[in-house]
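As structure tokens, the structure follows; a few thoughts come after it.
Only this structure's heavy atoms are used, side chains among them; waters, hydrogens and symmetry mates stay out. Keep in mind the model is a prediction, meaning the values are calculated, not measured.
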Amino acid sequence: MQGIDYDVKAIISQPRMAKPLESFSKILLQWAKIHNLTAIKDSKVLYHQIVDSLLPTFFLKPFHTCIDIGSGAGFPALILACYYTESQFYLLEPRKKRVSFLENAIVSMGLSHVKVIAD
């Protein structure tokens, strides 16, 4: 996105973002070693994925409800849920292994406004 200065680092460093993102990073990298959730295996690649997931915050207006269809490893929904704490998020994921990961991540991140729908 040439010519536009998105200060994602300022967003990530906010206290309300830092703790949940740290929890997410830990649990994702742990699960990635054992389960085939994502191709992300190191923190550098993970950081870039988190940054990409936060880019919509620069143009999205606040919203009430979000549904992420095929949530997989939680990108971008779990990352956006850290930012949009007043919004309700529904993560629709059919694969049991990923549902388990998402539910664990949500608890670990303290995101009470996020629900997984296993379908």
Side-chain angles (χ1 to χ4, degrees):
M1 308 224 176
Q2 199 172 17
I4 301 173
D5 183 26
Y6 294 110
D7 192 5
V8 176
K9 288 181 185 176
I11 293 173
I12 292 172
S13 64
Q14 294 174 10
R16 71 180 172 123
M17 296 289 294
K19 278 191 168 194
L21 291 178
E22 183 179 328
S23 295
F24 175 75
S25 298
K26 279 183 179 179
I27 194 169
L28 179 70
L29 292 174
Q30 286 173 343
W31 278 63
K33 290 178 185 176
I34 302 164
H35 307 283
N36 187 23
L37 289 175
T38 177
I40 297 171
K41 303 291 187 231
D42 66 70
S43 57
K44 185 176 181 180
V45 175
L46 176 57
Y47 175 80
H48 288 292
Q49 190 70 30
I50 289 171
V51 167
D52 286 349
S53 295
L54 285 169
L55 288 176
T57 63
F58 291 97
F59 58 83
L60 278 180
K61 294 178 181 174
F63 52 87
H64 184 266
T65 305
C66 176
I67 185 165
D68 183 16
I69 300 172
S71 299
F75 297 104
L78 289 180
I79 310 307
L80 290 172
C82 294
Y83 186 82
Y84 293 105
T85 57
E86 299 299 315
S87 301
Q88 182 68 45
F89 283 78
Y90 297 97
L91 282 55
L92 182 61
E93 177 56 54
R95 294 178 211 108
K96 291 180 183 179
K97 175 173 48 175
R98 292 184 178 165
V99 167
S100 294
F101 165 76
L102 292 168
E103 289 173 340
N104 278 292
I106 289 165
V107 170
S108 175
M109 297 169 77
L111 301 176
S112 61
H113 61 292
V114 181
K115 304 289 182 239
V116 178
I117 301 169
D119 193 15

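Put simply, CG on Asp42 and CG on Leu29 are 7.5 Å apart, with the number rounded to the nearest 0.5 Å. Taking OH of Tyr84 as the reference point, atom NE2 of His113 lies at 11.5 Å (rounded to 0.5 Å). One distance of note links CG of Leu55 with CD1 of Ile11; it measures 8.5 Å at 0.5 Å rounding. Once rounded to the nearest 0.5 Å, the distance linking CG of Leu91 with CG of Leu78 reads 5.5 Å.
Nearest heavy-atom pair, Ala81 versus Val114, reported as atom, atom and distance to 0.1 Å: CB-CG2, 3.5 Å. Annotation for Arg98 and Leu37: closest pair NH2-O, 3.3 Å, computed over non-hydrogen atoms. When all heavy atoms of Pro20 and Pro15 are compared, the closest pair comes out as CD-O, 4.5 Å.
If you chain together hydrophobic residues whose side chains sit under 4.5 Å apart, Val99 and Ile117 never meet in one group.
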Candidate pair Ile12 and Val51, rule side chain to side chain contact (heavy atoms under 4.5 Å, CB included), full reasoning: CA-CA 8 Å; Ile12 292 172; Val51 167; 4.0 Å; yes

Quick one, Leu28 with Phe75, criterion side chain to side chain contact (heavy atoms under 4.5 Å, CB included). Give me CA distance, side-chain angles, the key distance, then yes/no. CA-CA 11 Å; Leu28 179 70; Phe75 297 104; 3.9 Å; yes

Starting from the C-alpha separation in whole Å, work towards a yes-or-no answer on side chain to side chain contact (heavy atoms under 4.5 Å, CB included) for Leu80 and Ser87. CA-CA 10 Å; Leu80 290 172; Ser87 301; over 6 Å; no

Run the side chain to side chain contact (heavy atoms under 4.5 Å, CB included) test on Met109 and Ile27 for me, step by step, so that the C-alpha distance in whole Å, both residues' side-chain angles and the decisive distance to 0.1 Å come before the verdict. CA-CA 10 Å; Met109 297 169 77; Ile27 194 169; 5.9 Å; no

Can you give each donor-acceptor pair under 3.5 Å made by side-chain atoms of residues 100-107, sequence neighbours left out, with the distance rounded to 0.1 Å?
unit_1: Ser100; atom_1: OG; unit_2: Lys96; atom_2: O; d: 3.2
unit_1: Asn104; atom_1: ND2; unit_2: Ser100; atom_2: O; d: 2.8

Listed pairs under 3.5 Å, donor-acceptor, residues 56-68 side chains, sequence neighbours left out:
unit_1: Thr57; atom_1: OG1; unit_2: Leu54; atom_2: O; d: 2.6
unit_1: Asp68; atom_1: OD2; unit_2: Ser71; atom_2: OG; d: 3.4

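Open room surrounds NZ on Lys19; 12 or fewer heavy atoms of other groups in view lie less than 6.0 Å from it. Remark: Lys26 NZ is loosely packed, at most 12 non-hydrogen atoms of other residues, nucleotides or ligands lying under 6.0 Å away.
Using modelled atom types, one side-chain atom of Arg16 and one backbone atom of Tyr83 make a donor-acceptor pair closer than 3.5 Å.
By the salt bridge (charged side-chain N to carboxylate O under 4.0 Å, His left out) test, Arg95 pairs with Glu93, sequence neighbours left out.
Using a 4.5 Å cut-off on side-chain heavy atoms (C-beta onward), Ile79 and Gln49 make no contact.
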